[in-house]
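Throughout, a chain's letter reflects where its sequence line sits, starting with A, and its residues are numbered from 1.
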Amino acid sequence: MSKQIVSAEAGVFGRLHVADCYQCGKCSAGCPVAEQMDMLPNQLVRLVQMGRFDRALKSEAIWKCVSCMTCSTRCPKSVDCAGVMDALRELAVKQGKASKKRLRTLLFQQAFLDNIRRNGRLREVELIGEFKTRAFLKDSNISLMLSGAMLAPALLKRKKFHLVGERAKDRAVVARIFEKCNRLAGASSANGRPPAASPENGQHR
Amino acid sequence: MLDELRQTCRRLLQDGAVQAVIGYGRASPDDPAVPVFISKPEDVDQLVWDDRCFANLTKYLSRKEVLSLGKLAICVKGCDERALLVLEKESQIDRSQITVIGLACDGVGQPRLAKCESCDVHMPRRADIVVGKATVPDADAGAKRYAEIEEFLKRTPQDRMAYWKKELSRCVKCYACRQVCPMCYCRQCIVDKNRPVSISTSATLKGNLAWQITRAFHLAGRCVGCDECTRACPAGIDLRLLNLSLAKAAEENFGYRPGMDPDAEPIIGAYSQQDHEEFIR
Amino acid sequence: MARIGVFICWCGENIARNVDVEQAATQVAELPGVACALAYKYMCSDPGQSLIRQKIASEHLTGIVVASCSPHMHLRTFRKAAAAEGLNPYLVEMANIREHCSWVHHDRAEATAKAVELIRMAVAKVRCDHALQPIAIPVTRRALVIGGGVAGIQAALDIADAGYQVVVVEREPSIGGKMAGLSETFPTLDCSQCILTPRMVDVGQHPNITLHTYSEVESVEGYLGNFKVTIRKKARYVDVAKCTGCGQCWNACPSKKTPSAFDYNMGTRTAIYVPFPQAVPARPVIDRNACLHFLKGKCGVCAKKCQAGAINYEDQDTSVVEEVGAVVVATGFQLYQIGKERNGDGTVGYGEYGYGEYPDVIDSLQFERLVSASGPTGGEIRRPSDGQVPKTVVFISCVGSRDNAKGLSYCSKICCMYTAKHTMLYKHKVHDGTAHVFYMDIRAGGKNYDEFVRRAIEQDGAQYHRGRVSKITQENGRLIVRGVDTLVGEPLTVEADLVVLASAMRPADGVEPLAQKLNVGYDENGFLSESHPKLRPVETNAAGVFVCGACQGPKDIPESVAQATAAAGKVLVMFGHEKLAREPEIAKVNETNCAACFTCVRACPYTAIEKAEIRDRKGNLVKRTARVNQGLCMGCGTCVALCPSKSVDIEGFTEQQVYAMLESLE
Amino acid sequence: MDFGYYPGCALHGSSNDYGQSVHSCLDALGVELRELNDWICCGATAAHSLNHALALALPARNLAIAERDGLPNLLAPCPMCSMELLKAQSALAASDDARRTFSDVVELPIRGDTQVLNLIQVLQQIGLETIKGKAVRPLSDFHPACYYGCLLTRPPETLRFDDCEHPSSMETILRELGAQPVEWNCKTECCGAGMTMADEDIVLKLSHKILSNAKEHDANCIVVACPMCHVNLDMKQPDIDRRYDCHHDLPVYYLSDLVGLALGLDERSLGIDRHFVVKR
Amino acid sequence: MNEANVFQPKIIAYVCNWCTYLGADLAGTNRLEYPANVRIIRLPCTGRIDFNLIVKAFERGADAVLVSGCHPGDCHYTAGNYHARRRWILFRQLLETLGIDANRVHFSWISAAEGKKWQQVITEITEKTKALGPYTAYREICQEC
């Protein structure tokens, strides 16, 4: 399995100069969330170098990454470490291997994309509602469901969001862009979220 | 003007300032003027000057038999005179030993030759003696200098190649182009070398193309545009186009026109660190 | 009738893996003029060369082609072998079927076909070769050494001790170079100055050595054995001949606040100064940019104090011309300028380390001055910001080196060792202190080197962490060093009082223009190129110019000294001859055909072509012609391309040879 | 002087206070903003995490619209938007193939030569002298910690803005207006960015560190030029105070807030009154 | 994969001894693979490379010609490459006038350290020439002898 991925993904990781990494660890040293990672950025790059995608894709760390790009900026070998994180996330979703514990980040991001696909622009209230519902359905975590609910009045008071939110006019073109990009990304469905993305599916392998 | 020319030459010969004058003479009334080499004052009446004086006589300055005539005077038009400067730069003539008689010229040929249309040197500028008066060239005469080649370059590359294939297939390797060229003074022309044979001597398309490339490129940055090669070509190949394209490249890239400025450094055998290289990877 | 021998090398598996050498031999044996063609495992080995020699004799070969590696590798080897058997060495050609074929083409059939064609081209070429004789040129037995650091000192003394004159040019006011500023040296921890200063004195006093300090090479003319070097002696404003070095002037100088370059700005000096007390010559210079006399037009204290009357404010730069036969370049190194050097897209490297922002982040040469007994703190380790003794020091390796993004891609080689040394020196002086080292790999190849690093860790307790530091910030006077220990897989933050960045070694400023003057090649990093990395390590491609020390590549003191002695040895080999043999592969004019347009004269980069006249016995001019000065011609062939009648040709790359090669192509 | 304007979702949504601030401030400077016609979301972290092509296409569509409508430059006050636009732009600049492919995807021809600007760059283009000339109120009471976060300068080869380790462009502007910015250490540390929803713990932890460091260096407020930074540092500040049992009490201003104040605008017209942490 | 069916262009590379030749050596040392279509002719310097050689290469059936040497400032002989560059500027004009395909005459600077660039240049020229097909236009000229 892992071998197959190597050939399919070699291009992606090759463009990120993964082979150039000599494991100095500067990415991990500067990472603001390294302490909370189950595996350090340099270790993830190493796993990619070895073609051990199975382990890398399951890591929670890729979902802890805040995309601050400190790693890529300071890398002495110009390895795009943040790009590696992106690519791993994309692959984890495609292969249905995303860590169950880190589901929430993924769910949020998927809800985000779904929202844009439909509206062209982000409708925050809709996004929050959808994300929380999806998250609740997955992990029945009531506290997330409620958290932030207390914030709503405060935001409303400050007129900090539209209850409805706005949309782009030409939404059809947005939907077509999503479709074409999914084709470019080699995915099979047209919503930025291929069917295999469901983590359960991944677990059954 | 002809009288003035004859008198000038007669005086030069009488005074012994020169032993011979290279000038134009007439062999038959219908043909272009031919070169004459006048050694006696009484022969100066053979000299002619009209719009059929095409030849660039500077070619003869590198001929051994001409040099053996002694100290020389030579008649040049403004365009031919440029060749003297190039020859001087290339150590081929000792300018101090030659009396240059400049002929004012408003163009030759009926109709006038193409080169005369864009000529900006009606009056020789560095001659020792100038005979006659010419019109002042149009201010924009120079602008038309490369018109023909520019027009030619608008064709597609395939078209251009097809053109040369057709033209050069007529070349018979008579080397008239070389023989008349004042810049072709090598003691042994590269095309006559046989170890190695770098240019096929047979009059095939392959050899003809190689020869014309060589001839044209050896004139890069040197050709003064007298167009004698074109005039001499028995096959009527427009060699002028090749020379013009290199003259254009020399002027556009290096701001250089051979034989114009005695202080300008020749562009061949020299370089500038600023030469452009966008075509080099 | 040509009888060519073709010798195809397997190079072990290097060639044989991708090229069917036996098949190639069979094919090329059929070529016209080929008398024999055979393959052998290692053609450059002794038996391989014997095979060639044996065939030259038995087959009466008139030329040979060796199909193996690059001619840059072994052409010389095979030419020697041929010469030993009485075949003129210039009748040997090579086909490069390794670097240009077996190593780069993995399809065996394709590679074999190409190898055959390469050999065919070489056979075509060798058929047009003719015997050449080396050119003899006279030698001036006097050497120039550029750079007065430890390498230059060693080279100069070796040549001078052998009895030849040496001219030493040093840019700084004193010789001694970087080593003069070091504290102790690894792996023995002996005092740098104690080793070096006696050698400096030897140079200063040697009867065979002419020393030009505070001087630079301005121009170089001439060629192997016959160089004319113009040296610019910068105005010192002190007459060295009159000065006694008593020190009255610099002790009295009121301008005392100039940062001392010798101390890497860790201390100050006066406007009239000797860089350090043991300077050779022990004669001061005046720094115009700091001197009150020059800045404000008043003062003149030094002139008043000087009893020898050696101060000369009117001093001017002067030039001297030295004629020498050989040049040794020993211009040494400087450190990668942290935070000052820009990489490709213009960003400044290592903003994250705060060098230049935080006074207690210093580089390794600054640390050397901090621990040196002669340094600004008298050898006590006190940090620059507040003079406190740092209790925690972090050393960071590979700053500027092995860093394609911000610095230099190469390994600076000596930093692992000097960093281990720094931790030791620190621990020896601050017993209760902690030394942390962040490193990527420890490269300690060398006699007693790894033992030395282990001692730093095991005996002196240096804390080594495998990982690179990402950021340094300052909070409450302490430096927060955010790193990682990849061996435990955890980020690691150390609060330090002092941070020392082990900055990379790179060639000294100004080496590139110097190299251009000398026609010596250099690589993308500015290190001078040796002729051959293994077999000609101190020669350069400019005949008669040699290199040693850190200008050729990062190296430590023992290596620099060894290389300096090697360079001196090469100079002495040259000086062992009255005349030198030069490669005859240079331009030759067919004077009969030359039309004397002299385009070649204008173009020749070496002014090696002159205008000549051929006269008959009565002295009448027969013709004029271009003529090559064999001592000056380097064989570039620019003249050949420019000559319309091809009346000039270049031996070894003649028109005939090139065309023959083209014709041989299928 | 006018600029194209790409507000992005945040400035039209929960960070509309930033939008208001930018508009008011630039208005006072006599700058006209021409909002991009029917712009769409840039995709933000979600796109580049989940679909590489989408992460290029969404911003590319916006760039193409700007080209179509003849906007030579485009202010994107949100650094996330601005970075995504720039990333798409450099990907498009790098290859003809990419330009062709994405022109096709976004259904508009695209060259990729729009000048994408952040708020600081727009202020720089307006010119310090001009701003200073219009300022009526010195900001001497303000001792801001200027906070750049991640995406104003990173990745440096794409952003090509300021020094990615020691940026100082905001300080330069504010100092000119009389403020006394403090030197501190978290200028480019990450606040947790888009994790606000998905992983609040990370946000609280990182933002707490930033607020603390600003305080330790005697800042009395923080200045940002990013809606996400503002959310995390301002809106989340009460949560941070609760979680870490502290009282940071640090108002968080947008850069345009402080410039606006200097220009004589009141807090209300800049939307400062709608922040969570207010100056006591 | 029948090699005979695939057009294998003939590429002649005139390279200088000190930069590009060594760059090609370095490509070998680093085992950088590239198409086997190139035939190197080693000359001391780009200054030695005459236009006649380019013409002759086409006459000998080359489908593309590469001329390569040291970067400006790096010439082993200080200025040979500058002379060459100037000639090429002029020669290219002549090629254009004659309609000789500029896509088949390549110039590059490749230093001794640029093994990678050598690999790239050769690979690209080979690919490009494959796409152009055999240089039949010039071969026709030569066939008529």
Is chain E contacted by the side chain of Glu512(C), its backbone, both, or neither, given a heavy-atom distance below 4.5 Å?
neither

Nearest 0.5 angstrom please: Met661(C) CE to Leu53(E) CG, how far?
11.0 Å

Do the side-chain N and O atoms of His76(E) and Asn519(C) include a donor-acceptor pair separated by under 3.5 angstrom?
no

When rounded to the nearest 0.5 angstrom, what is the spacing between CG in Asn96(C) and CD1 in Ile40(E)?
7.5 Å

Segment of Met634(C) engaging chain E (4.5 angstrom heavy-atom cut-off):
both

Could you state the interatomic distance from CG (Leu32(E)) to CD (Glu99(C)), rounded to the nearest 0.5 Å?
12.5 Å

Trp10(C) CH2: over 12 foreign heavy atoms closer than 6.0 Å:
no

Side-chain heavy-atom pair Arg39(E), Lys114(C) within 4.5 angstrom cut-off:
yes

Tell me whether Arg48(E) contacts the main-chain N or O of Val640(C) through its side chain, where contact means a donor paired with an acceptor under 3.5 Å.
no

Examine the side chains of His72(C) and Asp25(E) and answer whether a donor and an acceptor come within less than 3.5 Å of each other.
no

Options Cys69(C), Ala515(C), Ser529(C), Pro71(C), ranked by heavy-atom pairs under 4.5 Å with chain E, top entry
Pro71(C)

Give the minimum heavy-atom separation between Ala36(E) and His105(C), together with the two atoms involved.
CA-CE1, 3.3 Å

Pairwise distance CG(Leu665(C)) to CD1(Ile12(E)) - rounded to 0.5 angstrom
5.0 Å

Approximate separation, where rounding is to 0.5 Å, of Arg60(E) CZ and Ser664(C) OG
8.0 Å

Counting a contact as any heavy-atom pair under 4.5 Å apart, which residues of residues 599-609 of chain C contact chain E?
Ala603(C), Pro605(C), Tyr606(C)

Side chain proximity check, Glu524(C) to Ser111(E), heavy atoms < 4.5 angstrom:
no

Interface moiety of Arg31(E) toward chain C, non-hydrogen atoms closer than 4.5 Å
both

Would Asn30(E) and Trp103(C) count as a side-chain contact (heavy atoms from CB on, under 4.5 Å) if you check the C-alpha gap in whole Å, the side-chain angles of each, and the deciding distance to 0.1 Å?
CA-CA 8 Å; Asn30(E) 292 340; Trp103(C) 275 351; over 6 Å; no

Which portion of Arg87(E) sits near chain C, non-hydrogen atoms under 4.5 angstrom:
side chain

Under 4.5 Å from a heavy atom of chain E, the part of Glu585(C) involved:
neither

Steps toward side-chain contact (heavy atoms from CB on, under 4.5 Å) verdict (Thr638(C), Tyr77(E))
CA-CA 9 Å; Thr638(C) 299; Tyr77(E) 305 103; 5.9 Å; no

Let's go through Val104(C) and Gln119(E) carefully: what are the C-alpha distance in whole Å and the side-chain angles of both, what is the deciding distance for side-chain contact (heavy atoms from CB on, under 4.5 Å) to 0.1 Å, and is it a yes or a no?
CA-CA 9 Å; Val104(C) 289; Gln119(E) 178 199 31; over 6 Å; no

Drop me the distance from Cys636(C)'s SG to Asn17(E)'s CG, to the nearest 0.5 angstrom.
12.0 Å

Region of Ile49(E) that comes under 4.5 Å of a non-hydrogen atom in chain C
backbone

Judged by modelled atom types alone, do Tyr659(C) and Asn52(E) share a side-chain donor-acceptor pair under 3.5 Å?
no

Using non-hydrogen atoms only, which part of Thr540(C) is less than 4.5 Å away from chain E: side chain, backbone, both, or neither?
neither

Given Val38(E) and His100(C), is the side-chain contact (heavy atoms from CB on, under 4.5 Å) satisfied, shown in steps?
CA-CA 9 Å; Val38(E) 66; His100(C) 291 186; over 6 Å; no

For Tyr14(E), is it the side chain, the backbone, both, or neither that has a heavy atom closer than 4.5 Å to a heavy atom of chain C?
side chain

Using non-hydrogen atoms only, which part of Asp649(C) is less than 4.5 Å away from chain E: side chain, backbone, both, or neither?
side chain

Quick one: of Gly635(C), Ala109(C), Cys639(C), Ser102(C), who has the most non-hydrogen atom pairs under 4.5 Å with chain E?
Gly635(C)

Could you check whether atom NZ of Lys588(C) has more than 12 heavy atoms from other residues, nucleotides or ligands sitting under 6.0 Å from it?
no

